[in-house]
Amino acid sequence: MSIDSSSSSPVLRYAVFGHPVAHSLSPRIHAAFARQFGIALEYRAIDAAPEQFDVALAEFAAEGGLGANITLPLKTRAASICTHLSERAQRAGAVNTLIRTATGWEGDNTDGVGLIRDLTDRHGLDLRARRTLLIGAGGAARGVAPALLDAGIGELYIVNRTGERADALADALGMPGRVHPRYLADVGTLGNFDLIVNATSAAREGGMPSLPMSLATPRTAAVDLSYGEAAIPFLAWAKVAGAHDRVDGLGMLVEQAAESFERWHRKRPDTDPVYAMLRERDDALVTAD
């Protein structure tokens with residue numbers, strides 16, 4: 001472990017792994033959290049394609065890495081290499097937080113709790129009994145679906161271009177009377193929803209799924225798990241469709257990071273000033289987390 005020459009405190013090494021990851025805000029967020037407590041922290045972004053991830057993580061550990069955040073497209077791969085998974089990581093089948101232990105990596109998933117804290121505490125939304133549409137069934141969707149159910153939403157419809165993935169997520173959630181997988185192509189037959197969550201990375205990959213305006217009403221809350229440029233197409237659709245609340249994923253990003261930070265350092269950071277700092281640079285944000 002390296003030592004900061006200006007201090008007797010060891011420099012604690014953390015990172016975020018993803019592909020791509022150059023624009024990640026996580027280094028700035030964790031640096032800001034660390035300053036709140038005077039923690040000497042090194043937190044960097046490491047670009048690793050799925051086939052490179054295991055080697056890159058092993059190198060990071062050998063260099064003294066103590067913990068890591070995991071973003072697209074590595075969340076399910078990260079879950080498979082852990083020696084222990086938290087309950088919420090097991091339910092999600094995806095990991096966004098790694099904690100170094102004596103026996104290997106422990107995996108956690110803080111995405112869901114981060115989303116719920118942002119929607120309920122920051123935006124004042126009451127999620128109880130909301131008929132909910134979740135668009136996407138990948139790692140991001142897996143991270144938030146259990147937390148949405150725990151928060152008391154009503155029925156949950158999961159739509160995905162590949163129906164098998166929606167089926168697999170619904171099966172993993174284990175609530176057949178409450179969770180309904182469907183093909184994305186059939187979304188127009190499902191009626192309207194009180195909460196619509198876009199958990200796809202389609203906008204990042206050049207195409208937003210076509211959604212009928214009938215999905216939203218003046219009481220609908222529309223949430224995109226992305227932020228910055230990637231959230232624009234879905235939130236623009238939500239505005240035209242008349243959704244009452246339109247929320248991007250920046251607050252969720254900060255809140256899930258705070259949960260990770262607390263797992264690593266046993267200290268709870270103040271998220272509001274960090275969220276405000278990032279929101280001031282809205283026009284320059286590019287989703288990479």
Between CG of Leu133 and OH of Tyr157, what distance do you get to the nearest 0.5 Å?
10.0 Å

Should Asp224 and Arg246 be marked as a salt bridge (Lys or Arg N to Asp or Glu O under 4.0 Å) after you check the CA-CA gap, both sets of side-chain angles, and the distance that decides it?
CA-CA 8 Å; Asp224 198 314; Arg246 301 178 297 278; over 6 Å; no

So for atom CD, which belongs to Glu51, do other residues, nucleotides or ligands contribute more than 12 heavy atoms lying within a distance under 6.0 Å?
yes

Would you call Thr97 and Asn109 a side-chain contact if the rule is heavy atoms closer than 4.5 Å?
no

With respect to Asn69, which candidate in Tyr14, Phe17, Tyr43 satisfies the side-chain contact (heavy atoms from CB on, under 4.5 Å) definition?
Tyr43

Could you state the interatomic distance from CH2 (Trp105) to CD1 (Ile99), rounded to the nearest 0.5 Å?
9.0 Å

Cut-off 3.5 Å, side chains only: do Gln36 and Asp270 have a donor facing an acceptor?
no

Could you check whether Arg77 and Ser80, counting side-chain N and O atoms only, form a donor-acceptor pair closer than 3.5 Å?
yes

Under a 3.5 Å threshold, yes or no: a donor from one side chain and an acceptor from the other, between Glu255 and Thr271?
yes

Begin from the C-alpha positions of Phe33 and Phe261 and carry the test ring-ring contact (aromatic ring centres under 6.0 Å, His included) through to its verdict.
CA-CA 8 Å; Phe33 289 163; Phe261 187 93; 5.6 Å; yes

Would you say that Leu156 contacts Leu134 through its side chain, given a criterion of any heavy-atom pair below 4.5 Å between the two side chains?
yes

Atom CG in Leu85, atom CD in Glu87: separation rounded to 0.5 Å?
11.5 Å

Heavy atoms from other residues, nucleotides or ligands near NE2 of His84 exceed 12 (cutoff 6.0 Å):
yes

Nearest 0.5 Å please: distance from the NE2 atom of His265 over to the CG atom of Leu66.
8.5 Å

Verify the distance criterion only: is there a donor paired with an acceptor across the side chains of Ser86 and Asp108 at less than 3.5 Å?
yes

Please examine the side chains of Ile158 and Leu173, heavy atoms only from C-beta on, and report whether any two atoms are closer than 4.5 Å.
yes

Test salt bridge (Lys or Arg N to Asp or Glu O under 4.0 Å) on Arg91 and Asp150 and set out the steps.
CA-CA 12 Å; Arg91 293 177 70 192; Asp150 290 348; 2.8 Å; yes

Using the six-membered ring wherever Trp is involved, compare the ring planes of His30 and Trp264 and label them parallel, tilted or perpendicular (cut-offs 30° and 60°).
tilted

Nearest-0.5 Å distance that lies between atom OH in Tyr275 and atom CG in Leu253:
11.0 Å

Working note: Arg44 + Glu63, criterion salt bridge (Lys or Arg N to Asp or Glu O under 4.0 Å); need CA distance, chi angles, decisive distance, verdict.
CA-CA 13 Å; Arg44 58 196 176 103; Glu63 294 166 359; 2.8 Å; yes

Between Arg142 and Asp111, does the salt bridge (Lys or Arg N to Asp or Glu O under 4.0 Å) criterion hold? Intermediate values first, please.
CA-CA 9 Å; Arg142 285 179 169 272; Asp111 283 335; over 6 Å; no

In one Ile/Leu/Val/Met/Phe/Trp/Tyr side-chain cluster, 4.5 Å: Leu278, Ile232:
no

Within a strict 4.5 Å, meaning less than it, do heavy atoms of the Thr110 and Arg88 side chains meet?
yes

CZ on Arg117 to CE on Met252, rounded to 0.5 Å:
12.5 Å

